[in-house]
K.L.:
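So that we are looking at the same thing, I have put the structure below in structure tokens.
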Amino acid sequence: MTGTDAATRKRLFLRTWGCQMNVYDSARMADVLAPLGYAPVEAPEGADMVILNTCHIREKASEKLFSELGRLRDLKREREATGQGMVLAVAGCVAQAEGAEITRRAPWVDIVLGPQTYHRLPEMVARASRAAGAVIETEMPVEQKFDHLPEQVASQGITAFLTVQEGCDKFCSFCVVPYTRGAEYSRPTAAVVAEARRLVAAGAREITLLGQNVNAYHGEGPGGRAWSLGRLIRELAEIPGLLRLRYTTSHPRDMDDDLIAAHREVPALMPYLHLPVQSGSDRVLAAMNRGHTAAEFLAVVDRLREARPDLALSSDFIAGHPGETSEDFAQTMALVERVGFAMAYSFKYSPRPGTPAAGAPFQVPEVEKDARLQALQALLRQQQDEFNRSRVGLVVRVLLTGPGRHPGQVAGRSPWLQPVHLAAPLELVGQEVPVRILAAHPNSLSGLLAAGEGIPASLSAEEPAPA
Ligand code: 5AD
Ligand code: SF4
């Protein structure tokens with residue numbers, strides 16, 4: 001409880017689009033507003049404050065935002081007609097990129113705030129209630145944001161996210177992140193470790209370290225020396241009660257020896273890695289300013305697999321980047337065949353205003369982009385199905401995260417991030433248990449609790465394996 005009683009409690013509706021960084025940021029915004037009496041609600045109707053946390057990466061981000069803002073204008077007017085107010089805020093990367101445009105096209109928006117100014121939300125809310133026009137805060141002093149955010153208050157549950165790094169200096173030709181999230185910044189190791197301990201104390205058993213370029217992490221450690229992500233992972237793995245660690249999103253260029261070694265040496269580091277490659281053609285990779293070739297990416301994959309033979313990979317791909325020929329695309333397909341991905345996200349190239357690729361000559365025709373994306377997705381889907389099927393019959397360690405969809409069912413997560421459903425008592429939630437996988441579905445697995453360490457024979461659906 002925050003000490004606010006029901007009469008003064010204000011309703012906060014947060015809508016989040018996009019990446020896990022945004023999900024994390026939304027939770028932090030809820031945290032900074034909690035002392036002001038704001039508690040989260042499930043719908044915008046009746047809310048005292050609505051925050052739309054936006055994402056600029058996907059297509060039509062601003063159109064989606066403006067249509068949502070149109071609906072909210074009506075809600076806000078209805079509330080004002082009954083003498084109540086609604087503070088309307090737009091946060092995230094669209095706010096960062098299009099702040100002035102938002103207040104011009106949607107003057108009923110009260111606050112526009114970029115990703116680095118969330119700690120100033122309470123002050124902005126106060127100013128918005130006095131100001132005639134919108135309050136716009138889109139500066140980028142990222143260090144201040146982390147210094148001023150309150151210590152995490154709400155439990156995130158069994159699986160939690162922890163932002164360790166923000167921003168990006170890589171300037172890939174197609175990407176808005178360096179413009180919207182600003183320069184790379186790593187949080188000091190002490191702050192990260194303290195937050196991880198708090199998350200574990202609040203019940204987290206798996207932590208995913210977040211950053212746009214997470215493996216470029218170089219936070220200040222004890223004595224002022226920078227720690228790499230590998231070093232940080234080794235430290236976090238020592239926290240009692242923390243069973244699993246992951247990190248996302250990585251850049252192939254930043255997979256250093258120490259991080260690869262951590263995959264070999266740290267059992268808590270899960271054998272699953274999201275490593276975007278975008279294309280399999282050296283020509284396109286150069287045009288994208290990725291700073292590596294296809295062969296260099298494959299060499300990293302080989303080293304990772306050597307370090308951790310059960311490692312599964314996921315990736316991001318763009319079909320139809322400017323200048324991509326059908327031969328270039330064939331090389332992307334060949335790279336996918338060579339690697340074999342457990343999962344992947346693939347996108348049709350779509351120009352982002354202000355990025356170099358948007359103004360590049362030789363834009364690929366829409367029909368061609370569509371055809372390539374379809375072919376790529378068919379192959380990736382096939383690989384995902386194969387990977388899921390390859391788990392059938394195995395006993396895998398599943399971290400139980402909460403109740404499943406049906407009574408008596410529990411949901412969990414495999415080491416490879418697959419959702420797993422099984423019949424098990426809810427008391428086991430929070431534990432890693434052995435599960436025999438019986439069936440693979442398009443996006444999940446199902447199985448039975450297997451006999452094993454810590455599982456009473458009475459709960460197991462299986463005979464113990466012979467010694
Ligand atoms: N067009 C298509 N896909 C893009 N991505 C980023 N920018 C664009 C764009 N302009 C994809 C990349 C990135 C993922 C998060 O989104 O694959 O890795
Ligand atoms: Fe964008 Fe490239 Fe930075 Fe990733 S590495 S956030 S794709 S600029």
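Note that the numbering runs from 1 along the sequence shown for the chain. Remember, it's 1-based here, ligands and their atoms both numbered in the order they're listed.
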K.L.:
Are the side chain of Tyr217 and the backbone N or O of Arg187 linked by a donor-acceptor pair below 3.5 Å?
P.N.:
yes
K.L.:
Any salt bridge between Arg372 and Asp328, counting N to O under 4.0 Å?
P.N.:
no
K.L.:
Please identify each residue that fulfils ring pair (Phe, Tyr, Trp, His ring centres under 6.0 Å) with Tyr247, with sequence neighbours left out.
P.N.:
His263
K.L.:
Report the part of Lys348 (side chain from C-beta onward, or backbone N, CA, C, O) that has a heavy atom under 4.0 Å from ligand 1; answer both or neither where that applies.
P.N.:
backbone
K.L.:
Which ligand 1 atoms does Phe347 reach within 4.0 Å, using its non-hydrogen atoms?
P.N.:
2 (C), 3 (N), 11 (C), 14 (C), 16 (O), 17 (O)
K.L.:
Just the protein N/O/S atoms under 2.8 Å from atom 1 (Fe) of ligand 2, please, no waters.
P.N.:
Cys175 SG
K.L.:
Under a 3.5 Å cutoff, is there a donor and acceptor pairing between the side chains of His274 and Ser250?
P.N.:
no
K.L.:
For Phe341, give me all partners under ring pair (Phe, Tyr, Trp, His ring centres under 6.0 Å), at least two apart in sequence or on another chain.
P.N.:
Phe317
K.L.:
Using heavy-atom distances, let me know which of Ile318, Asp316, Val176 sits nearest atom 18 (O) of ligand 1.
P.N.:
Asp316
K.L.:
Using 4.0 Å as the upper bound for N to carboxylate O, is an ion pair formed by Arg389 and Glu386?
P.N.:
no
K.L.:
For Pro276, is at least one N or O under 3.5 Å away from an N or O on ligand 1?
P.N.:
no
K.L.:
Does an N or O from Arg352, backbone or side chain, lie closer than 3.5 Å to an N or O of ligand 1?
P.N.:
no
K.L.:
Has His321 got any heavy atom lying under 4.0 angstrom from an atom of ligand 1?
P.N.:
no
K.L.:
Please tell me whether Asp258 and Ser228 have a donor and an acceptor in their side chains that are separated by less than 3.5 angstrom.
P.N.:
yes
K.L.:
List in chain and number order the residues that pass side-chain contact (heavy atoms from CB on, under 4.5 Å) with Ala294, two or more places apart in sequence or in another chain; answer none if no residue qualifies.
P.N.:
Asp282, Leu285, Leu335
K.L.:
Closer than 4.0 angstrom, basic N to acidic O: yes or no for Asp169 and Arg181?
P.N.:
no
K.L.:
Between Tyr349 and ligand 1, does any nitrogen or oxygen pair lie at a separation below 3.5 Å?
P.N.:
no
K.L.:
Can you list the atoms of ligand 2 that are under 4.0 Å from a heavy atom of His251?
P.N.:
5 (S)
K.L.:
Under 4.0 Å between a side-chain nitrogen and a carboxylate oxygen: does that hold for Arg303 and Glu306?
P.N.:
no
K.L.:
I'd like to know if Arg290 contacts ligand 2, where contact means a heavy-atom distance under 4.0 Å to any ligand atom.
P.N.:
yes
